[in-house]
Amino acid sequence: MRSVARIIVAVLVIVAAAGLIAHRYASKSLPVVNGTIDVAGITAPVEIIRDAGAIPHIFGATRRDTLFGLGYVHNQIMQRVGGVQHTVA
């Protein structure tokens, strides 16, 4: 009876450890949505604000800067849904 209890405890520990490792791995793959990021290719600051529904609102000084922000947000969305990861140069 004790050996069965030990096996059950060992399986639970292994499952918990695997879950923790999977959570940490998945958390690292999520895009950064808070804070400030410096990128090359824009002429003025671009502000990306997400509302309560996580809908991004993009504000920029020029159309080109705003479209750059749109591309950046699109890349973040693709990372979240498991699409191809791209880098912003």
Side-chain angles (χ1 to χ4, degrees):
M1 196 64 152
R2 284 187 168 186
S3 62
V4 173
R6 286 183 182 174
I7 291 173
I8 291 172
V9 168
V11 168
L12 290 175
V13 168
I14 290 170
V15 168
L20 181 63
I21 291 170
H23 180 267
R24 292 192 72 180
Y25 177 75
S27 296
K28 288 183 179 184
S29 66
L30 292 175
V32 176
V33 294
N34 295 324
T36 302
I37 300 172
D38 293 326
V39 295
I42 58 175
T43 59
V46 175
E47 189 173 16
I48 301 169
I49 300 172
R50 288 178 170 74
D51 61 17
I55 306 298
H57 300 273
I58 305 162
F59 303 96
T62 66
R63 182 181 176 100
R64 181 181 167 105
D65 291 343
T66 306
L67 289 173
F68 189 95
L70 176 64
Y72 186 82
V73 169
H74 179 80
N75 181 37
Q76 289 180 323
I77 292 169
M78 292 304 294
Q79 285 182 15
R80 284 181 176 234
V81 296
V84 178
Q85 291 186 350
H86 301 275
T87 56
V88 176

Short side-chain to backbone donor-acceptor contact, Asp65 and Gly60, under 3.5 Å
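A pair under 3.5 Å: no.
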Considering only distance and modelled atom types, tabulate donor-acceptor pairs under 3.5 Å from the side chains of residues 47-56, sequence neighbours left out.
from  : atom 1 : to    : atom 2 : distance (Å)
Arg50 : NH2    : Gln76 : OE1    : 2.5
Asp51 : OD1    : Gly53 : N      : 3.0
Asp51 : OD1    : Ala54 : N      : 3.2
Asp51 : OD1    : Ile55 : N      : 2.9
Asp51 : OD2    : His57 : NE2    : 3.1

Can you name the nearest heavy-atom pair linking Leu70 to Ile58, along with the distance?
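For Leu70 and Ile58, the tightest heavy-atom pair comes out as CA-CD1, 3.5 Å.
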Specify the closest pair of heavy atoms between Val46 and Ile42, including all atoms of both residues, with the distance to one decimal.
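In this case the closest contact between Val46 and Ile42 is CG2-CD1, 4.1 Å.
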Are Ile77 and Leu67 linked, directly or through intermediate hydrophobic residues, by side-chain heavy-atom contacts shorter than 4.5 Å (ILVMFWY only)?
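Shared cluster, yes.
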Could you state whether Ile37 and Phe68 fall into the same hydrophobic cluster, counting links through intermediate Ile, Leu, Val, Met, Phe, Trp or Tyr residues with side-chain heavy atoms under 4.5 angstrom apart?
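Yes, Ile37 connects to Phe68 through the hydrophobic network.
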